[in-house]
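Order of appearance sets the numbers: ligands from 1, and atoms from 1 within every ligand.
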Amino acid sequence: MRLIALLGNPVEHSLSPRFQNAAIRALGFDAEYRAIRCEASEVPGLIREITSAGGGGNVTLPHKEIAAAAVERATEAVQQTGACNTFWSESGLIHGDNTDIPGFTTALARLLGRSPAGMRVLLIGAGGAARAVAFALAQERASDVVVLNRSLDRARDLADSFSTPATSFSIHQSADLLRGETFDLVVNATSLGLKPGDASPLSPDMEIRPKAAFDLVYRPDETEWVRAWRAEGIPAVDGLEMLLQQGAAAFERWWGVPAPIDAMRAAVAR
Ligand code: NAP
């Protein structure tokens, strides 16, 4: 039996075992996807052991950076974001990718009905997930990304890493100077909204009315932020579809076949 593991801390809340095992069953593979709670110091050794036994896996918070350093063949996405969420063995080497990027791009295309090429985007957050979003937006040639983050240094680092001739980045620490501005898309890549009672990532009195909103956070009953945009008639999605799509992209790295996305989506809905 092939082991596909999720390495993180904590991992108990993760939906990945549910939909990855549904995918494994749908295709009749002899494998199991198992969540393993571990310390940072254990991650490189676990990645080596699992891949040498023919397995692979995912990595989640807070171990994506250490995984990026532990793999032997990192994709450009891993190198630029500094985060690896998927590993596997190929031709005797440990490969690592960051499938949050295609996960975001695919989920965003479902929301917008097109790519964000040429769009003006407000990106809230500058942590690991925001770096994956910034990479994706630059890859898709958004025209202008305004980064809003509590820590300006982190926002500056993100802007410096991802700006290209086609995609310009600017940074802000407070939403006050953005009051009344128009955006095609607003993305919440902070962890705000995860817990009931969290502050809103962008308060409604900023009078920013985007054409669409994407929340990377997900909760069983959607997030308050998503519900608030929808109440204003603005199309909005939470991070559940991105989670599924990053999982589908990871499945394809491990198995070399298209992921049974309908079986995965049905497992989450259950
Ligand atoms: P991270 O690296 O720890 O970054 C957290 C971000 O949230 C930073 O920008 C941080 O600002 C900001 N933040 C945290 N608490 C805040 C507060 N009280 N006020 C203002 N800003 C605050 O985490 P991450 O890996 O980027 O993950 C962020 C979120 O994305 C998490 O909720 C995660 O579950 C979600 N996510 C979802 C998916 C998916 O597939 N849907 C994938 C990846 C991540 P500072 O820089 O100022 O600290």
Side-chain angles (χ1 to χ4, degrees), residues 6-16 18-20 40 58-68 77-78 81-86 97-108 110-111 122-136 145-159 161-162 169 171-176 186-203 206 213-220 222-226 236-251 259 261 264-265 268:
L6 169 66
L7 309 180
N9 191 358
V11 286
E12 293 73 14
H13 65 288
S14 174
L15 289 173
S16 294
R18 189 189 298 192
F19 64 74
Q20 292 292 0
N58 282 135
V59 184
T60 189
L61 284 174
H63 299 329
K64 291 183 188 182
E65 284 78 17
I66 193 153
V78 170
T81 57
C84 165
N85 80 334
T86 302
D97 200 355
N98 185 344
T99 66
D100 282 340
I101 294 160
F104 173 74
T105 304
T106 308
L108 181 62
R110 282 173 67 99
L111 169 68
L122 175 58
L123 170 57
I124 312 169
R131 291 181 73 83
V133 169
F135 184 97
V145 180
V146 177
V147 183
L148 175 64
N149 195 52
R150 185 177 59 172
S151 318
L152 204 55
D153 283 354
R154 239 174 156 189
R156 187 174 295 113
D157 188 42
L158 181 150
S161 303
F162 299 105
F169 281 74
I171 59 172
H172 286 271
Q173 196 165 26
S174 150
D176 288 341
V186 56
V187 180
N188 174 35
T190 73
S191 42
L192 290 170
L194 211 49
K195 298 188 294 295
D198 271 355
S200 171
L202 183 69
S203 152
M206 286 301 133
F214 191 121
D215 195 349
L216 264 65
V217 176
Y218 54 88
R219 291 179 44 78
E222 294 196 306
T223 62
E224 220 167 283
W225 201 63
V226 164
V237 287
D238 71 2
L240 192 59
E241 183 66 22
M242 174 176 167
L243 179 79
L244 276 171
Q245 296 292 351
Q246 67 73 31
F251 188 95
I261 188 81
M264 296 164 90
R265 196 173 280 121
V268 169

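Taking atom 5 (C) of ligand 1 as the reference point, the nearest protein heavy-atom neighbour is S191 OG, 4.2 Å. Given atom 48 (O) of ligand 1, the protein heavy atom at minimum distance is R150 NH2, 2.8 Å. Looking only at heavy atoms of the protein, atom 37 (C) of ligand 1 is closest to L216 O, 3.3 Å. Shortest contact from atom 2 (O) of ligand 1 to any protein heavy atom: G128 N, 3.0 Å. The closest protein non-hydrogen atom to atom 33 (C) of ligand 1 is L61 CD1, 4.8 Å. Among protein heavy atoms, atom 30 (O) of ligand 1 sits closest to A129 CB, 3.8 Å.
When heavy-atom distances to ligand 1 are checked against a 4.0 Å cut-off, T190 comes that close through both its backbone and its side chain.
Between the NZ atom of K64 and the OG1 atom of T81 there is a distance of 9.0 Å, given to the nearest 0.5 Å. For the atom pair T99 OG1 and L243 CG, the distance stands at 9.5 Å (nearest 0.5 Å). Annotation: the span from N9 atom CG to H63 atom NE2 amounts to 5.0 Å, rounded to 0.5 Å. To the nearest 0.5 Å, atoms CD (Q173) and CG (L148) are separated by 9.0 Å. Atom CD of Q246 is separated from atom CD1 of I101 by 11.5 Å, given to the nearest 0.5 angstrom.
When each atom of ligand 1 is checked for a heavy atom of G239 under 4.0 Å away, the hits are 39 (C), 41 (N). Per-residue contacts place R154 under 4.0 angstrom from the following atoms of ligand 1 (heavy atoms of the residue considered): 2 (O), 4 (O), 8 (C), 45 (P), 46 (O), 48 (O). Against a heavy-atom cut-off of under 4.0 Å, A189 is close to the following atoms of ligand 1: 28 (C). Using a 4.0 Å cut-off to heavy atoms of V217, the atoms of ligand 1 that qualify are 32 (O). Taking a cut-off of under 4.0 Å to the non-hydrogen atoms of G125, the atoms of ligand 1 that pass are 9 (O).
Outside the 6.0 Å centre-distance limit, the rings of F135 and F104 are not counted as a close aromatic pair.
Put simply, part of A126 is less than 4.0 Å from ligand 1, judged by heavy atoms.
Residues D97 and T86 bring no donor and acceptor atom of their side chains to less than 3.5 Å of each other.
Distance check for atom 20 (C) of ligand 1: a protein heavy atom is found below 4.0 Å.
Considering backbone and side-chain atoms alike, L194 places every N or O at 3.5 Å or more from each N or O of ligand 1.
Smallest separation of non-hydrogen atoms from G193 and D198: N-OD2, 2.9 Å.
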